[in-house]
Amino acid sequence: MVPMAYSGSLGYTYSYIKSEDAESENSSLTANISGSGFIWQPWFVTLGVGLSIGIADANSSTGGSSTSTTTGSGNIQFTVFPQSRFPFVMSLSRTDSRLENTGATFSADDYYVNYRIFMSQTYYAVSGSVARFSYDHNAFESERSDSSSDSVSASYRAKKRRQSYSVNANYSTSERSNSSLKPNTSLLEFQHDYSSGPDMSVSSLASYTRNDSGADGDMGIFQNAQANSTFSWRPIDRPYTLSGGARIATSESGTGAESNSLATNIGASYRVTRSLRVLALASVSATEADSTQSVNSAQSVSASFSSQQYFVGRFSWNWSSSAGVNNSYTTIDDESESVQNVAGSLGQTLNRSWSVGRTSSMNLAFSQNGSASKSTDIDEPVYGLGHGVSMGWSRHGISASTFSSVTVSDTRTFGDTETSFQQLTGQLTQRNALSRVSALSANVTFQASQQEISQTESPSQPKTLAANITYTNARTFGIYPLRFSAKLSYNRRFEDDQVSGSETLESENRFDYRIGLLTTNATFRIMTTEGGTTSESLTFSITRSF
């Protein structure tokens with residue numbers, strides 16, 4: 001074997017967590033090494049190997065428990081004729097873990113072993129088609145139970161001019177030592193795609209799936225077969241588009257339950273002008289299951305209009321509207337039901353942006369929309385009305401930038417059930433560059449809402465407040481690779497009088513240092529929740545790569 005490259009790392013991690021009445025301590029040491037090379041010539045056989053060893057200890061004051069874990073894993077992969085049209089890949093991996101648990105209530109030792117064998121043979125034809133066969137074996141062993149799974153798959157892909165197709169087949173099975181069942185799954189799939197150019201495309205898929213739980217007889221068998229096809233026609237130089245599809249499916253279980261279904265749909269759109277568009281949709285589906293037959297059909301026609309931008313003084317204004325009708329028809333055995341619906345909406349927006357001084361700017365926006373709908377299965381029509389106002393201010397300087405915004409919205413519906421929803425959102429963000437290597441940023445967000453439903457006795461009025469301030473320094477104490485960040489966060493949720501809120505205050509300080517192939521970081525975090533519960537944590541890690 002001729003070696004090509006080696007790499008690896010050695011790392012240590014320590015963490016300590018303390019809360020009101022509990023403490024825990026964790027430490028781990030890991031070592032990794034990997035290498036690659038070839039046998040005789042690079043085009044003949046290439047090899048890749050890896051080895052990893054880990055030792056971890058965990059101690060907790062709760063129950064006086066301690067856990068020690070030792071893990072070792074290794075893998076090897078080789079490829080025969082990697083640069084040919086028929087490469088063969090095989091990989092072997094194994095992981096061993098030893099666990100020792102000691103506590104006040106019980107003590108136990110256990111081991112876990114995972115290993116995997118994977119093989120793949122690929123063939124690249126001169127015509128561009130690709131054929132692949134693979135085998136995958138996974139096994140797990142422990143003192144309590146053993147399990148294994150095997151999977152065999154084959155695939156073929158080809159592309160000729162304007163069409164492409166693929167065939168995929170897979171069979172997998174598994175077993176466990178504490179169960180007599182050996183479930184297995186079979187899958188066969190065929191896909192075909194055709195495109196006559198950028199305007200027309202057709203995609204078809206057929207599949208068959210068989211699941212066997214391993215139960216005696218045919219009780220645990222479930223089979224499903226389906227086929228579907230979709231098409232899309234979008235002429236580049238025409239104002240219309242057409243799309244649709246069809247799907248047929250059948251399923252059968254070992255218990256005797258059967259189901260058959262057929263569904264089709266088609267849709268067309270036409271752009272009358274740059275602002276006006278018309279859309280028509282139709283669908284039909286039929287299902288037969290457990291001696292019950294049902295048929296569902298739906299048709300709809302809608303139009304939408306969006307005006308161009310107009311200027312009212314220094315404001316920009318535009319309006320939009322939509323209208324549509326739809327019909328749905330459902331038949332279940334001898335019972336039928338038909339529902340018709342008509343709906344429409346009208347809205348407008350008004351906005352303006354302007355400069356305030358040399359470094360500041362403001363924007364103001366107002367929106368309003370109304371809607372109405374009537375359905376034959378509802379006695380009264382439903383009306384909706386919504387308003388929204390937003391205002392923002394921003395300033396960009398040489399060393400500082402500020403952004404603030406306020407948004408207010410009100411939405412109401414009228415009908416059999418009346419609802420109203422109001423929301424207020426305010427945000428303030430500022431960033432200051434203290435020097436070339438340090439910066440200070442802050443953000444405050446407040447949100448309040450109110451929802452009222454006619455059937456409820458009292459409205460819901462939640463409020464949230466989130467604030468944080470962050471300091472970063474890319475050259476702490478004058479050391480260039482030493483980075484420091486400190487973040488203080490405050491979150492508060494105010495609930496109704498009947499429900500208590502929640503409050504969280506968190507402080508996080510982090511050091512990162514990297515020089516050459518040595519990387520270290522340390523993080524200290526304190527979090528206080530409502531009620532005075534405080535938790536502290538310290539995490540330190542160091543990694544040396546080579």
Side-chain angles (χ1 to χ4, degrees), residues 91 93 112-122 130-142 144-158 164-193 203-230 245-265 283-296 330-335:
S91 64
S93 64
Y112 305 93
V113 178
N114 292 272
Y115 58 90
R116 181 190 183 195
I117 302 174
F118 175 79
M119 293 182 291
S120 174
Q121 176 67 64
T122 307
V130 181
R132 179 176 288 111
F133 175 83
S134 63
Y135 169 73
D136 194 357
H137 172 76
N138 289 269
F140 172 80
E141 297 179 2
S142 69
R144 296 183 179 89
S145 64
D146 301 337
S147 64
S148 64
S149 64
D150 295 273
S151 175
V152 180
S153 62
S155 64
Y156 178 78
R157 300 194 309 270
S164 64
Y165 54 90
S166 64
V167 181
N168 298 283
N170 177 267
Y171 175 79
S172 61
T173 181
S174 62
E175 60 178 326
R176 299 177 63 91
S177 60
N178 54 4
S179 174
S180 60
L181 301 179
K182 295 183 178 180
N184 61 81
T185 301
S186 303
L187 171 66
L188 180 62
E189 184 180 80
F190 174 79
Q191 183 170 354
H192 178 266
D193 296 298
S203 180
S204 303
L205 175 68
S207 65
Y208 169 78
T209 305
R210 184 180 185 274
N211 296 315
D212 186 354
S213 65
D216 295 336
D218 297 333
M219 296 297 293
I221 297 178
F222 176 80
Q223 302 179 80
N224 177 267
Q226 63 174 344
N228 66 78
S229 181
T230 59
R247 178 180 180 272
I248 183 172
T250 179
S251 63
E252 181 181 357
S253 66
T255 59
E258 295 184 13
S259 175
N260 302 293
S261 63
L262 173 65
T264 61
N265 66 84
S283 65
V284 178
S285 64
T287 303
E288 181 181 5
D290 298 332
S291 302
T292 301
Q293 297 180 349
S294 63
V295 179
N296 298 274
T330 303
T331 300
I332 301 178
D333 291 337
D334 297 332
E335 298 182 1

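In this chain, residues are counted from 1 in sequence order. Note that the structure is a prediction, hence the values are computed from the model and not measured.
Judged as a side chain to side chain contact (heavy atoms under 4.5 Å, CB included), and not counting sequence neighbours, the contacts of L181 are S179, P183. Partners of V152 by side chain to side chain contact (heavy atoms under 4.5 Å, CB included), not counting sequence neighbours, listed by chain and number: F133, Y135. Remark: A169 engages L188 in a side chain to side chain contact (heavy atoms under 4.5 Å, CB included) (not counting sequence neighbours). Residues that satisfy the side chain to side chain donor-acceptor pair (under 3.5 Å) test with T287, not counting sequence neighbours, are absent from this structure. Taking D136 as the reference, R116 meet the salt bridge (charged side-chain N to carboxylate O under 4.0 Å, His left out) condition, with sequence neighbours excluded. Take S91 and apply the side chain to side chain donor-acceptor pair (under 3.5 Å) test, not counting sequence neighbours, and it matches no residue.
Using the six-membered ring where Trp is involved, H192 and Y165 have ring planes that are parallel, under 30° apart on the 30 and 60° scheme.
Once rounded to the nearest 0.5 Å, the distance linking CD of E175 with CG of D150 reads 8.0 Å. Rounded to the nearest 0.5 angstrom, N224 CG and S253 OG are separated by 11.5 Å. To the nearest 0.5 Å, atom OH of residue Y208 and atom OG of residue S186 are 7.0 Å apart. Atom-to-atom distance recorded for T185:OG1 and N211:CG is 4.0 Å, nearest 0.5 angstrom. Rounded to the nearest 0.5 angstrom, E252 CD and F222 CZ are separated by 10.0 Å. In this structure, OG in S204 is found 7.5 Å from CG in D193, a value given to the nearest 0.5 Å.
Side-chain atoms of S151 and N170 include a donor-acceptor pair closer than 3.5 Å. For the residue pair S120 / S134, no side-chain donor-acceptor distance below 3.5 Å is found, with atom types taken as modelled. Side-chain polar atoms of T122 and R132 form a donor-acceptor pair below 3.5 angstrom. Side-chain contact check for S145 and S177: no donor-acceptor pair (N or O, by modelled atom type) lies under 3.5 Å.
Here the side chains of S166 and E189 are not in contact, with every heavy-atom distance at 4.5 Å or above. Inter-residue side-chain proximity for L187 and N168 is flagged as unmet; no heavy-atom pair is nearer than 4.5 Å. Taking 4.5 Å as the limit, every side-chain heavy atom of S251 sits out of range of all side-chain heavy atoms of Q226.
Taking every heavy atom of both residues into account, I221 and R210 meet most closely at CD1-NH2, 3.1 Å. When every heavy atom of T173 is checked against every heavy atom of K182, the shortest pair comes out as OG1-O, 4.4 Å.
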So T292 and I332, side chain to side chain contact (heavy atoms under 4.5 Å, CB included) or not? Walk me through it.
-> CA-CA 7 Å; T292 301; I332 301 178; 4.0 Å; yes
Which is it for S261 and R247 under the side chain to side chain contact (heavy atoms under 4.5 Å, CB included) test, yes or no, and what are the steps along the way?
-> CA-CA 8 Å; S261 63; R247 178 180 180 272; 4.0 Å; yes
Walk me through it: do S164 and R157 pass the test side chain to side chain contact (heavy atoms under 4.5 Å, CB included)?
-> CA-CA 8 Å; S164 64; R157 300 194 309 270; over 6 Å; no
